[in-house]
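Worksheet: one structure, shown below.
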Amino acid sequence: MDVYKKVIASCFTDSQIPILKQALRTGVPVYLYGHGLGKSLLAETFRNAGYNVSEPGDRLDALGPMDMVDMDGMVAFCVRNAPKERISGVFDTLLKCPDEIAEWVNQ
């Protein structure tokens with residue numbers, strides 16, 4: 001779970017995190033965009049844990065990482081363009097912890 005918290009801290013600001021948790025907790029669709037790395041990994045990780053999260057890479061008509069989608073009730077988060085620490089096996093680690101992610105969301 002420490003790996004997940006490192007990824008979250010590198011992708012979102014301290015003020016975005018509680019809003020992200022609230023959106024996930026209440027079932028509001030979440031959209032991740034921005035030049036930062038990690039959108040695809042996070043979107044798939046959240047979806048694997050049962051949350052409605054998407055990003056430009058999920059759409060065939062997306063024009064790039066800053067491409068937005070306009071959907072009623074959706075909350076969009078611009079992922080920070082901060083250097084991401086390379087964590088060995090991060091993808092497999094995050095996909096294997098949906099229960100821990102749900103616990104984090106509900107804190």
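This structure is a prediction, so every number in the text was calculated from the model and none was measured.
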Any side-chain heavy atom of [X] sitting closer than 4.5 Å to one from [Y]?
{"X": "Ile19", "Y": "Phe77", "value": "yes"}
{"X": "Ile101", "Y": "Phe46", "value": "yes"}
{"X": "Leu42", "Y": "Val7", "value": "yes"}
{"X": "Leu32", "Y": "Phe12", "value": "yes"}

How far apart are the closest heavy atoms of [X] and [Y], and which atoms are they?
{"X": "Pro29", "Y": "Gly73", "value": "CD-O, 3.9 Å"}
{"X": "Cys78", "Y": "Gln16", "value": "O-NE2, 3.2 Å"}
{"X": "Ala62", "Y": "Pro56", "value": "CB-O, 3.2 Å"}
{"X": "Asn48", "Y": "Pro98", "value": "O-CB, 3.9 Å"}
{"X": "Gly34", "Y": "Met66", "value": "CA-SD, 3.3 Å"}

If I take atom [atom1] from residue [X] and atom [atom2] from residue [Y], how far apart are they, to the nearest 0.5 angstrom?
{"X": "Glu55", "Y": "Arg47", "atom1": "CD", "atom2": "CZ", "answer": "7.0 Å"}
{"X": "Asp61", "Y": "Leu63", "atom1": "CG", "atom2": "CG", "answer": "7.0 Å"}
{"X": "Leu20", "Y": "Tyr51", "atom1": "CG", "atom2": "OH", "answer": "10.0 Å"}
{"X": "Cys11", "Y": "Leu41", "atom1": "SG", "atom2": "CG", "answer": "8.0 Å"}

Could you see if [X] belongs to whatever hydrophobic cluster contains [Y]? Use Ile, Leu, Val, Met, Phe, Trp, Tyr and a side-chain cutoff under 4.5 Å.
{"X": "Val30", "Y": "Val79", "value": "yes"}
{"X": "Val75", "Y": "Trp104", "value": "yes"}
{"X": "Met71", "Y": "Met68", "value": "yes"}

Is the CG atom of Asp14 crowded by more than 12 outside heavy atoms at less than 6.0 Å? no
Which residue is it: Lys39, Met74, Arg59? I am looking for the one with a side chain to side chain contact (heavy atoms under 4.5 Å, CB included) to Ser54. Met74
